[in-house]
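What you see is a predicted model; the values in this text were computed from it and never measured.
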Amino acid sequence: MNYSLLSQKLLSGIQSTIVPPMMMPIIPWAKSNENPDAQIYPPKSFQRAWQLAFESPLVEKVVLLKSARVGYAIFLNTIVAWIIVNDPDNIMIVQNTFTDAEKFATSEVGKVFAHCSPVRERMIGKNTLTEKSFFGGEIIVVWATSPSSFRMSTIKYLLMDEVSGYPDDVGKEGDSVDLAITRTESEGRRKIVLGSTPKEAGTCKITREFLLTDQRYLYVPCPHCHVKQRLKLENLRYTAGKYKDAHFVCTHCTKKIQEHHKFNMVEAGEWRATRDFECCGVHQSPEKWDESGSALCCKCNEPGDRNERGKIDAGFHIWSAYNDNPNTSLPSIAAEYEKAKKDPRKMQSFMNTKVGVAYSDASRAHQLNNFEALYQRREYYSPLERLPEQTRCVLATVDTQKNRFEYHIWAIGEREEIWAVDYGQVHGDPEDIATQKSLIHQLEKEFTLSDGRSIGVFAAAMDCNGHAWKAMLEFCAPYQGWIFAIRGESSSKTKFKPEFTLTFKVHPEAKCEYRSLNVHQLKNRAAERLNNEKPGKNYIHFPFDDVFDLVYFQMLTAEELKGSGSNVVWDKKAGQKRNEPWDLLGYVIWLCDFMRPEIKAATPSEPLGLIDPRSNKIPDDIADVEYGDYYETSDYGDY
């Protein structure tokens, strides 16, 4: 059986953290089909790693963040063979789906039982595709999409593959990783392994697990100055179209590290934990390591980065630049990298499968500031007493929920500078006439300009998407031109269009016009404006006021941009349930854009919306009309 050098180094590093300190003599992994008498042993670095296991009894959990094709399956197969022969106990291998489990049981670990004689000699009893018994234990191959896979099992060795594909909530019973680890809790000397190529940044499960470990990387010596360093993509150099000379630049001597140097470099490489830790009362960055890669304390000289149980969670990152496979040579990596720069979908694949890191092409400009930062920048102005002197008009936005209206009042200045004025709720059934009158009462409030004149809401945007779609359009119909009915749309076909307004239609029965908005782009703009820290154009002000408290700002920053490429989407942060202020901000950005010509023409002496007591009143002929639509919930849910 052939092992690449990278597989050897990977196995060496990980195996030294896995094998329990009760070593029996190393067994041959398999017998050659070509020469049955010739035994094939694990590589020397693998054997050395097993010896190091005596010195690393503290490690019980390993997380492998990796690119594709680095030998993880070989590692799983080998550790299964070692366990069955040297320390027999119950083993669970977790794959992503049922199909993956069957495939792995047949094509990967199945080879161990078919071709490894010491293993085959110890098999007894149950022998199905995904469950097999041996002297001292059994092995089961399960899939993460079925919660029943993790029931009625006590496991000492838990091996998980392609963890990034596991569901966050399997069968409404919780995280599949946690469900699997629970099966090991009665074992004092358990060993847990999680491995996977990563996926999208922000939601990648294996990246999240890796960041909880001591974060080990393979450091290799420069062939020129011998300073050990990581091979990083940022240090890769090449000329587009001329990839044969692709090379890394040494971070110390700046000389070229080329493809033919890699073999000896990896052979002499060593794993090093990099996460800061605290030991002996001292916070410290790793400066020395034992042979397995664990960081040693500068005082007691013992492994210092331990968890709450005194154990070590070891994390390993490896990517294809270390590989000696000709298809992952430096020229090949450079050529793929150049192609990926031109296509976000290719970049996603390249960063995940070649560099072994989570990736998202979501712009940093759209990463919302922390809600506390926005809370701290509130200003001393009292908009309910006097509006800012820069006010050119007052706009309102309304969100419809099943049991209330939520409204927001905004003062708009030049160059779309915005001041938050008021935020509140009108509770009651949105279809009830009394609830609707209460909302109109809020929208008809008068505000005082800095010169003492009165001004009212010049225009309002009302989201009719969620509850009683048709009934809400009927409610808006008499106020067309003052209240604009809107609905959000965020389909993959339209969200990348630059337009804020996607469609304009008139409901044939409600006789009300409505517009579909590009909420993805509006939220991008909302994030940019919240991140804007310089008052003036596009800046958003918030007052010191009990209404604008920490809870308000939590809801204002309730969503985050997840995914990448065509899959990028604004979604609620974990644990966040409400986001109405965030939606209402997007609507006022649309309304400002929609009414830009009128707002631009307004002046301090002639703002929009100076009070006319005869306007914007509920017409007498509809005051007592009851809506008979009885429409419960739209197809769009609570948008």
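Shown here for Asn352 and Ala358, the closest heavy-atom pair between the two residues is ND2-CA, 4.0 Å. The two atoms that bring Ala334 and Ala246 nearest to each other are CB-CB, 3.8 Å, heavy atoms only. Closest approach of Leu556 to Pro581, counting heavy atoms only: CD1-O, 3.7 Å.
A donor-acceptor pair shorter than 3.5 Å can be found between the side chains of Asn579 and Glu559. Between the side chains of Glu338 and Tyr238, a donor-acceptor pair is found at a separation under 3.5 Å. Between the side chains of Thr97 and Thr99, no donor-acceptor pair is found at a separation under 3.5 Å. Side-chain contact of Asp161 with Gln95: a donor-acceptor pair under 3.5 Å is present, judged by distance alone.
Under a 3.5 Å cut-off, the side chain of Thr182 and the backbone N or O of Asp178 do form a donor-acceptor pair. In terms of modelled atom types and a separation under 3.5 Å, the side chain of Thr353 and the main chain of Ser349 share a donor-acceptor contact.
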Should Lys156 and Glu187 be marked as a salt bridge (charged side-chain N to carboxylate O under 4.0 Å, His left out) after you check the CA-CA gap, both sets of side-chain angles, and the distance that decides it? CA-CA 6 Å; Lys156 181 177 180 180; Glu187 293 288 343; 5.5 Å; no

Checking Gln284 against Leu296 for the side chain to side chain contact (heavy atoms under 4.5 Å, CB included) test, could you report, in this order, the C-alpha distance in whole Å, the side-chain angles of both residues, the deciding distance, and whether it holds? CA-CA 10 Å; Gln284 49 195 295; Leu296 301 178; over 6 Å; no

The test is side chain to side chain contact (heavy atoms under 4.5 Å, CB included); show your working for Met160 and Tyr166 and say whether it passes. CA-CA 10 Å; Met160 291 179 273; Tyr166 292 6; 3.5 Å; yes

Using side chain to side chain contact (heavy atoms under 4.5 Å, CB included), reason through Val119 and Val85 one step at a time and then give a plain yes or no. CA-CA 6 Å; Val119 170; Val85 176; 4.0 Å; yes

List the steps and the verdict of side chain to side chain contact (heavy atoms under 4.5 Å, CB included) for Asp313 and Leu212. CA-CA 8 Å; Asp313 293 334; Leu212 297 175; 5.9 Å; no

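With rounding to the nearest 0.5 angstrom, the OG atom of Ser107 is 10.5 Å from the CD atom of Glu102. Distance check: Met92 CE to Leu159 CG gives 10.5 Å after rounding to the nearest 0.5 Å. One finds the CD1 atom of Ile155 at 4.5 Å from the CD1 atom of Ile140 (value rounded to the nearest 0.5 Å). Atoms CD1 and CZ, from Ile93 and Phe104 in turn, are 4.5 Å apart once rounded to the nearest 0.5 Å.
In this structure, Trp271 and Phe316 have perpendicular ring planes: the angle between them is above 60°, well past the 30° mark. The aromatic rings of Trp570 and Trp582 lie tilted to each other, with the angle between the two planes from 30° to 60°.
Side-chain atoms of Val193 and Tyr72, non-hydrogen and from C-beta on, do get closer than 4.5 Å to each other. Here the side chains of Ile192 and Leu158 are in contact, with some heavy-atom distance below 4.5 Å. Counting heavy atoms from C-beta on, the side chains of Thr197 and Ser164 never come closer than 4.5 Å. With a 4.5 Å cut-off on side-chain heavy atoms, Lys132 and Ile84 do not count as touching. With contacts defined as side-chain heavy-atom distances shorter than 4.5 Å, the pair Val109/Leu76 does not qualify. Asn90 has its side chain out of reach of Ser153: every pair of non-hydrogen atoms, C-beta onward, lies at least 4.5 Å apart. With contacts defined as side-chain heavy-atom distances shorter than 4.5 Å, the pair Ile257/Asn235 does not qualify. Side-chain contact check for Tyr219 versus Thr274: some heavy-atom pair is nearer than 4.5 Å.
Scanning for salt bridge (charged side-chain N to carboxylate O under 4.0 Å, His left out) contacts around Glu336 gives Lys354, with sequence neighbours left out.
With Arg275 as the partner, the side-chain contact (heavy atoms from CB on, under 4.5 Å) test is satisfied by one option alone out of Asp305, Thr213, Leu211: Asp305.
Taking the charged nitrogens against the carboxylate oxygens, Glu60 and Arg190 do have a contact shorter than 4.0 Å, which makes a salt bridge. Looking at Arg151 and Glu173, a side-chain N of the basic residue comes within less than 4.0 Å of a carboxylate O on the acidic one, giving a salt bridge.
Heavy atoms of other residues, nucleotides or ligands lying less than 6.0 angstrom from NZ of Lys341 number more than 12. Lys573 NZ: more than 12 foreign heavy atoms inside a 6.0 Å radius. Annotation for Lys572: atom NZ counts as buried by contact number, over 12 foreign heavy atoms lying within 6.0 Å. Surrounding NZ of Lys346 are at most 12 heavy atoms belonging to other residues, nucleotides or ligands under 6.0 Å away. Around atom NZ of Lys577, no more than 12 heavy atoms belonging to other residues, nucleotides or ligands sit under 6.0 Å away.
Screening residues 201-215 for salt bridge (Lys or Arg N to Asp or Glu O under 4.0 Å), with sequence neighbours left out, gives Lys61-Glu209, Asp168-Lys205, Asp175-Lys205, Asp214-Arg216.
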